[in-house]
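Residue indices begin at 1 and follow the sequence shown.
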Amino acid sequence: MKLTLRIALLFIPFLGLAQLKSPSEFLGYELGTQFTRHHEVVDYYQYLAKAEPKRMKLIEYGKTNERRPLLLATISSEENMQNLDQIREEHMKGIHGEGSPDKAIVWLSYNVHGNESVSTEASMQTIYDLFTSKKAYLENIVVLIDPCINPDGRDRYVNWYNQFKNSPNQVDPQSKEHHENWWSGRSNHYMFDLNRDWAWLTQVESQQRLKQFNQWLPHVHVDFHEQGVDNPYYFAPAAEPFHEVITDFQREFQETIGKNHAKYFDANGWFYFTKEVFDLLYPSYGDTYPTYNGGIGMTYEQGGSGRAGLGIITGIGDTLTLKDRIAHHHTTGLSTVEVASKNVTKLNDEFKKFYRDKNFKYNTYVMNGNPDKIEALADLLSKHEIEFQAGTNSTFKGYSYATGKSGSIKSTNKSLVISTNQPKSTLVKVLFEPTAKLSDSVTYDITAWSLPYAYGLEAIASETSVAKSTPLHSGTEYGVLKPDSYAYLADWNSMKDAQFLAELLRNKVRVRFAHKPFTLDGISHERGTLIITKSDNKHLKNFNDILISASENNSKNVISTNTGFVESGKDFGSGYVDVIQKLNIAVLSGEPTSTLRFGEIWNFFEQQLNYPISVLGHDYFNRIDLSNYDILILPDGRGYNSFLNSYNKEKIKDWVKRGGKLIAMGGAIDGITSSDKDFKLSVKEIEKDSSTTIGSFEISEREQIKSAITGAIFKATVDNTNPLAYGYDDTYFTLKLGARSYNYLENGSAVYLSEGNNEPVSGFAGSEAKKKIAETLIFGTEEMGRGQVIYMVDNPLFRGFWENGKLFFANALFMVK
Ligand SMILES: [Zn+2]
């Protein structure tokens, strides 16, 4: 009764005036006293859109994997909203160095990490204040607000917290409500970190969001985050290293914004730090990506995240509440818009300058290679609105990615040619240049990502400019299948080929593949070529239809043949031609594994390969009948020592010896092989540098990086007679994420670093680390009993973007017998 009366009193003053409801009024609880579920956040934004039709436009720009709506609110003054299209068009002329806009664009992105749960709460108070007390800012600013980039992760956290919280909430950090489980809310449905996905666009959230982002290319973009409970607040300016393309103005303006925030934080006696930890290099973040598109991209970090709940005792004995956290993010959000509103002319001038004044060493990137890989890269470029074209039978000289020296390449109408003479040229430089220049080797993330290496293409970075020429028609032609042929042949070189095979297997087609190269009807075919015969598939009434639609769906060229008698090599009935049938595949999840590394595998199966996978929980693994599976994948992780107790380990080994295929990745390799003579793989030991030098306490961080590889690219040697490497050339550029090192396997080293190839072609590797990885294994196979063990020391599925590594994974599933 008392409660009803209080709510009634709260609303009475607004009834007649139809005044805008604050989040607290709308939600029925004071903001910060509960976590708001995503559907309630959606309700509030929809309410605002209805209540403020003249100052707000709300769109649903997509849905998540779990079907939650993704929202974008555009707000400004009534007058600006009437001219919104015109404002946007005038602003976007800036990418051609033109236009005379007089409004600035600020984009605020909240809750990319789902369990950094204050952000979305703060967004509601921020948008409300922009409509009310701070409406003056909207006179010359268009604010775009994405209240929640990652609704699936956020709701996972909020639902979990609501289940485990004490009543009232418990500030004791030991209490369960401060300890999320393995399946935490940080990442999206597939356990991908969406703040590593802006450039690679592997996830539906990023793909759909970027379409909106590209329509506006804001002057200022803020990505709201949270850090550990005991860290206070971080805002711009960012830490070194900065990428060299970042302009002086972009640096300066970070400082301008930071100082404005500091004014409010100082007045309130709040703590903060700047210029530390969060650098601006790796291009796939919510701060760097907007920066490389001409904006001021920033990360703001509140202390708290999934640990903090509604309130928690910090290390120094203070209590940090959700209300405090909201107040801080709310303050910096408004302060950002305030700074922009005071600098509209400057922001517009500098945005134009960013797109106009460019002076890059390389003017053209030219790539040749497998048409499927060219097509895959062209597809990514289109999503970024990066222009590309075909070659015109001319030769380009320049930096050769393969050798690291000067070289040349002949461009044809199948080549992918990218000119830096285009609006997105800064992004082109960042994504394609052979090596990113580091102003500092201590960084937060990987230091190499150059796309020609990631896509396995022969490439030249050239100083020669090209004129606009013919568009590249990507997409391979596929032949018309002759029904009732003896067999059909398809090559095996790319992820697309693996998708084609997966579709056939899903439809119960029996597929053969060649272990030896062969020639038939005058055409030579490489190892791994798929052979689909009529007689293998008598059980399928609609065999022809399945084959035709798989060929069309994957735009895959299939060759018909009327004989299995080859001109050279092995006939189709030979023992050197193996049969693949539908395989049952399982992956381990939970404590021993890393959420991200597990998620990459899960996503690979369901969103890339399109092939079913069983997800096994570590907690009931001892009760699982492994004989149901042909393949078991152990993802990278740090928890294998306790998981692989003698029972689980013997169980896995026994299953392998009976014919199972085990794929061990990263940390799982140590877990399963260490001090076990059944495995032939051995750790590479090197003599530690035992000399103790006397140095100051301060330089220890620098000393440590001697042993580190912070994501660097190395040139590896490939034995493409090993089924694990079918479809590859004799070299492969691998992305190394650490110095984990194993000696070569006697016969099964499919991919390895040969002598002298321990120097990265791109990125940073410390001196000790380079010694350690010299002459070591990258991918390899080992027989055990009737089964196989496949080792993946490096991770070909890392963040889903190393396109050229994915076929190794498909080979591990389908080709290694
Ligand atoms: Zn974060």
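- Counting heavy atoms from C-beta on, the side chains of Leu380 and Leu431 never come closer than 4.5 Å.
- Residues Glu205 and Thr64 have side chains in contact (heavy-atom distance under 4.5 Å, counting atoms from C-beta outward).
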**OP:** For side-chain contact (heavy atoms from CB on, under 4.5 Å), just list the numbers for Asn162 and Arg37, CA-CA rounded to whole Å, side-chain angles, deciding distance to a tenth of an Å, and then say yes or no.
**Re:** CA-CA 10 Å; Asn162 287 340; Arg37 287 193 171 87; 3.3 Å; yes
**OP:** Go through the steps to decide whether Glu600 and Arg799 satisfy the test salt bridge (charged side-chain N to carboxylate O under 4.0 Å, His left out), and finish with yes or no.
**Re:** CA-CA 6 Å; Glu600 285 155 2; Arg799 295 180 188 166; 5.8 Å; no
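- In this structure, Lys373 satisfies the cation-pi test against Tyr728, with its NZ or CZ atom closer than 6.0 Å to the six-membered ring centre and inside 45 degrees of the ring normal.
- The side-chain heavy atoms of Asp193 and His113, taken from C-beta on, include a pair separated by under 4.5 Å.
- A donor-acceptor contact closer than 3.5 angstrom is absent between the side chains of Asn622 and Lys651.
- Shown here are the ring-ring contact (aromatic ring centres under 6.0 Å, His included) partners of Tyr742, two or more places apart in sequence or in another chain: there are none.
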**OP:** Show the numbers, then the answer: is there a ring-ring contact (aromatic ring centres under 6.0 Å, His included) between Phe278 and Tyr285?
**Re:** CA-CA 11 Å; Phe278 304 98; Tyr285 288 135; 8.9 Å; no
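- With hydrogens and angles left out, the side-chain atoms of Asn603 and Gln608 include a donor and acceptor closer than 3.5 Å.
- If you check the side chains of His189 and Glu66, you find a donor sitting under 3.5 Å from an acceptor.
- The shortest distance between side-chain heavy atoms of Ile663 and Leu813 falls below 4.5 Å.
- For Phe643, the ring-ring contact (aromatic ring centres under 6.0 Å, His included) partners two or more places apart in sequence, or in a different chain, are Phe621.
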